[in-house]
Colleague: 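The following block contains the structure, expressed as structure tokens.
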Amino acid sequence: MLTTEASRRASMSYTLKSTYGVLGRLSLFKSSYKLGEDIIGSFEFSCDAVTCLQPNCTAHAHHIECCHNTKQTHFALPVPQNVTQSFKIHAVKLQWQLHFEFVITKQPPRELVKASVTPCLAGSKANLWQGLQPVAMESMTWNLPVTILPTLPLHQTHKPHTLVL
């Protein structure tokens, strides 16, 4: 049963929306993972209405990436082998979540790269570089529940050390 539940690959897609509009799409290959497995997913930032400047994904590990002008990216978060699996009993429930944070702006990507270079004086080879103007940004967070299952002892990548006397 454990192997069947963790090996099910039913790709799931989530449309990410902010107050500005649609940000993009998140795709995960499954929703249940065994201890020691990688949670693998991809982001597709295909909407022109909202620009993602930086995504952050957390599940006891951080994946932070600058994605300005990026249409698609992916992440892989390892599930540590020494954590407690998901469970639910009468009065207690342990549910794992992927925590996403996005730094977004309504400004189109083409407006964000308007740095300029202008000559200082007529006939001079020296130029004045003008950096980007301040950008109005917003932070967006989202939690996605995932199930963490136990792993079989044979599949653990590290073995306990034994002392021989």
Side-chain angles (χ1 to χ4, degrees), residues 1-88 93-117 129-152 155-157:
M1 167 115 167
L2 171 65
T3 304
T4 305
E5 181 68 26
S7 64
R8 288 187 186 148
R9 293 197 180 261
S11 184
M12 296 166 293
S13 263
Y14 303 91
T15 301
L16 305 172
K17 294 181 180 180
S18 75
T19 55
Y20 297 147
V22 175
L23 171 64
R25 182 178 307 265
L26 167 71
S27 297
L28 291 175
F29 301 108
K30 57 185 187 171
S31 62
S32 296
Y33 302 89
K34 288 192 234 175
L35 296 173
E37 279 189 323
D38 287 341
I39 299 172
I40 299 172
S42 67
F43 293 112
E44 186 178 323
F45 303 108
S46 58
C47 183
D48 288 333
V50 181
T51 302
C52 181
L53 301 173
Q54 179 180 351
N56 179 11
C57 180
T58 309
H60 272 272
H62 291 279
H63 177 91
I64 301 174
E65 182 174 332
C66 182
C67 69
H68 173 64
N69 284 337
T70 301
K71 289 293 183 186
Q72 187 173 19
T73 188
H74 70 282
F75 65 90
L77 295 172
V79 177
Q81 292 184 352
N82 61 344
V83 297
T84 305
Q85 68 201 31
S86 301
F87 69 89
K88 181 179 179 181
K93 178 181 179 180
L94 175 65
Q95 176 70 58
W96 284 83
Q97 295 181 346
L98 296 179
H99 178 75
F100 296 94
E101 293 179 18
F102 301 95
V103 178
I104 59 174
T105 182
K106 193 173 180 176
Q107 291 179 264
R110 62 188 166 276
E111 289 183 17
L112 296 174
V113 294
K114 285 190 175 177
S116 62
V117 177
W129 183 80
Q130 174 90 27
L132 297 175
Q133 298 300 317
V135 176
M137 294 182 282
E138 179 178 300
S139 183
M140 178 178 121
T141 61
W142 178 51
N143 293 318
L144 177 66
V146 293
T147 302
I148 304 298
L149 302 169
T151 189
L152 299 173
H155 295 145
Q156 288 185 327
T157 56

Colleague: Measuring from Thr19:OG1 to Met140:CE, what's the distance to the nearest 0.5 Å?
Modeller: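 Here the rounded value is 9.0 Å.
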
Colleague: Taking all atoms of both residues into account, what is the closest heavy-atom pair of Pro78 and Asp38, and its distance?
Modeller: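 Heavy atoms of Pro78 and Asp38 come nearest at CA-OD1, 3.2 Å.
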
Colleague: Considering only heavy atoms from C-beta outward, does the side chain of Leu26 approach that of Thr15 to under 4.5 Å?
Modeller: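 Counting from C-beta outward, Leu26 and Thr15 never come under 4.5 Å.
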
Colleague: side-chain hydrogen bond (donor to acceptor under 3.5 Å, both in side chains) with Glu101: which residues, sequence neighbours excluded?
Modeller: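 If we apply the side-chain hydrogen bond (donor to acceptor under 3.5 Å, both in side chains) test to Glu101, skipping adjacent residues, the hits are His99.
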
Colleague: Which residues pass the side-chain contact (heavy atoms from CB on, under 4.5 Å) test with Thr84, not counting sequence neighbours?
Modeller: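 Here the qualifying residues are Phe87, Leu94.
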
Colleague: How far apart are the closest heavy atoms of Gln85 and Pro150, and which atoms are they?
Modeller: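 Looking at all heavy atoms of both residues, the closest pair is OE1-CB, 2.9 Å.
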
Colleague: Using side chain to side chain contact (heavy atoms under 4.5 Å, CB included), reason through Leu28 and Ile40 one step at a time and then give a plain yes or no.
Modeller: CA-CA 6 Å; Leu28 291 175; Ile40 299 172; over 6 Å; no

Colleague: Indicate the ring-plane relationship of Phe43 and Phe100, choosing parallel, tilted or perpendicular according to the 30° and 60° boundaries.
Modeller: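 The rings of Phe43 and Phe100 stand perpendicular, inter-plane angle above 60°.
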
Colleague: With sequence neighbours left out, write down each residue that passes side-chain contact (heavy atoms from CB on, under 4.5 Å) with Ser42, or none if nothing qualifies.
Modeller: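 Testing Ser42 for side-chain contact (heavy atoms from CB on, under 4.5 Å), a comparison that skips the adjacent residues, returns Ser27, Gln72, His74.
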
Colleague: Taking all non-hydrogen atoms of both residues, which atom of Gln81 and which atom of Gly36 are closest, and how far apart?
Modeller: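 Nearest heavy atoms, Gln81 then Gly36: CG-CA, 3.6 Å.
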
Colleague: So, Tyr33 side chain and Lys30 main chain: donor-acceptor pair closer than 3.5 Å or not?
Modeller: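 Here the side-chain-to-backbone pair exists.
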
Colleague: Given Leu35 and Ile148, is the side chain to side chain contact (heavy atoms under 4.5 Å, CB included) satisfied, shown in steps?
Modeller: CA-CA 7 Å; Leu35 296 173; Ile148 304 298; 3.5 Å; yes

Colleague: If you apply the rule ring pair (Phe, Tyr, Trp, His ring centres under 6.0 Å), what do you find for Phe102 with Trp142, and how did you get there?
Modeller: CA-CA 9 Å; Phe102 301 95; Trp142 178 51; 7.6 Å; no

Colleague: Show your working on side chain to side chain contact (heavy atoms under 4.5 Å, CB included) between Trp96 and Val79 and close with a plain yes or no.
Modeller: CA-CA 10 Å; Trp96 284 83; Val79 177; over 6 Å; no

Colleague: Applying side-chain contact (heavy atoms from CB on, under 4.5 Å), name anything that partners Gln95, two or more places apart in sequence or on another chain.
Modeller: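 So Gln95 forms a side-chain contact (heavy atoms from CB on, under 4.5 Å) with Lys93, Pro145.
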
